[in-house]
Amino acid sequence: MADRRPCIAGNWKMYKTGEEALELIGELKDLIAGVDDVDVVVAPPFTALSVVADRIKGSNIQLAAQNLYWESEGAYTGEISPTMLVSTGCSYVIVGHSERRQYFGETDSTVNRKIKAALVHNLVPIFCIGESLEEREAEKTFSVLDKQVSGGVESIAADDIGKIIIAYEPVWAIGTGKTASNEQAQEVHHFIRKRVSDLYGKDIANIVRILYGGSVKPNNIVGLMVQPDIDGALVGGASLTASSFAGIIKFKIS
Ligand code: PGA
């Protein structure tokens with residue numbers, strides 16, 4: 001974790017109506033009142049952003065969207081722009097989640113355009129990368145990640161790289177209950193930081209936060225957070241219940 005500020009982000013995916021979102025965020029707010037040593041982020045679906053934004057005003061919780069389009073406005077039916085997200089109260093946006101890559105045709109190049117658009121609008125991109133089970137078994141993990149990292153940050157200025165949060169989520173660990181071992185996760189996080197260092201230098205690589213994602217729960221967060229290159233978590237399933245998400249946020253390293 002080094003001296004980078006931890007970040008715990010909850011990806012609600014396509015769960016929670018507005019009413020359900022209000023209930024969840026209300027409970028979470030109470031459970032984590034006073035936590036000030038972690039950046040806490042929630043990413044509700046678009047339709048619940050407004051109500052959640054309202055409810056977290058003045059709290060220690062920040063708002064993310066799960067996706068964006070790169071244009072500011074225009075005839076793009078069904079899309080949501082960075083300007084709209086900012087005006088709704090978002091300060092973060094998840095980009096390139098593996099489900100978007102897998103089901104909605106996102107590529108390294110669309111991910112790159114989205115990261116750039118987020119940065120232009122002062123949204124912190126949570127840039128997701130990760131290998132599939134087949135890729136891991138074929139020993140392609142590092143080459144896949146290398147391509148995803150360099151494709152995602154292509155032609156982004158060094159000054160902006162420090163603003164990006166990278167989330168390493170092995171696809172085989174998402175929603176499956178399987179987590180990478182702490183050592184496996186650390187090995188990959190170290191590799192990713194090294195790649196950032198090769199591309200942008202050590203100082204920038206030391207600033208960039210790299211989150212781990214894939215079946216993170218209150219009972220495995222500590223083992224991950226003690227790893228030197230793991231700076232937080234992107235949490236799916238366990239962020240849908242206030243008590244389990246709060247348990248992750250309030251991890252304590254003894
Ligand atoms: P999970 O999802 O925690 O349910 O495995 C993580 C994610 O997809 O961001």
Side-chain angles (χ1 to χ4, degrees), residues 6-16 20-21 24-25 28 32 38-46 48-49 52 61-68 90 92-106 111 114-115 118 123-133 135-136 141 144-145 148-149 152 164-182 184-185 188-189 192 209-225 227 230-251:
C7 174
I8 306 286
N11 173 11
W12 294 5
K13 306 193 179 183
M14 199 176 73
Y15 293 98
K16 306 291 175 189
E20 292 164 346
L24 173 57
I25 203 67
L28 181 69
I32 63 160
V38 173
D39 284 338
V40 178
V41 180
V42 293
F46 288 130
L49 285 176
V52 172
I61 305 173
Q62 301 174 82
L63 193 63
Q66 298 174 17
N67 184 27
L68 83 170
C90 291
Y92 296 75
V93 60
I94 298 172
V95 179
H97 189 279
S98 63
E99 287 150 16
R100 298 225 43 97
R101 294 177 189 257
Q102 191 179 344
Y103 306 129
F104 302 100
E106 300 226 357
V111 168
K114 291 181 177 196
I115 293 175
L123 287 162
V124 174
I126 302 177
F127 162 36
C128 301
I129 55 175
E131 82 286 2
S132 66
L133 185 59
E135 289 163 342
R136 177 162 280 264
T141 298
V144 166
L145 294 171
Q148 290 177 343
V149 170
I164 297 176
I165 294 180
I166 298 177
Y168 167 59
E169 302 200 301
V171 178
W172 47 272
I174 295 180
T176 58
K178 287 185 197 160
T179 31
S181 69
N182 300 329
Q184 268 174 334
V188 174
H189 280 234
I192 296 166
R209 289 182 289 179
I210 308 178
L211 315 184
Y212 176 77
S215 300
V216 175
K217 304 278 180 282
N219 65 8
N220 58 26
I221 184 71
V222 174
L224 292 162
M225 292 305 290
Q227 305 301 321
I230 299 185
D231 306 311
L234 180 55
V235 184
S239 72
L240 296 173
T241 312
S243 58
S244 58
F245 194 45
I248 296 171
I249 292 163
K250 292 189 185 171
F251 75 91

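Both ligands and their constituent atoms are indexed starting at 1 by order of listing.
Rounded to the nearest 0.5 angstrom, N182 CG and I230 CD1 are separated by 6.5 Å.
Salt bridge status for R101 with E106: absent, with no side-chain N to carboxylate O gap under 4.0 Å.
If you run side chain to side chain contact (heavy atoms under 4.5 Å, CB included) between I248 and each of V38, V222, I8, only I8 comes through.
Near ligand 1, heavy-atom contacts under 4.0 Å come from N11, K13, H97, E169, A173, I174, G175, G214, S215, L234, V235, G236, G237.
For residues 209-221, the pairs satisfying salt bridge (charged side-chain N to carboxylate O under 4.0 Å, His left out) are D39-R209, with sequence neighbours left out.
In this structure the side chain of W12 reaches within 4.5 angstrom of the side chain of V52, judged on heavy atoms.
Relative orientation of the H189 and Y168 rings is perpendicular, given thresholds of 30° and 60° on the angle between their planes.
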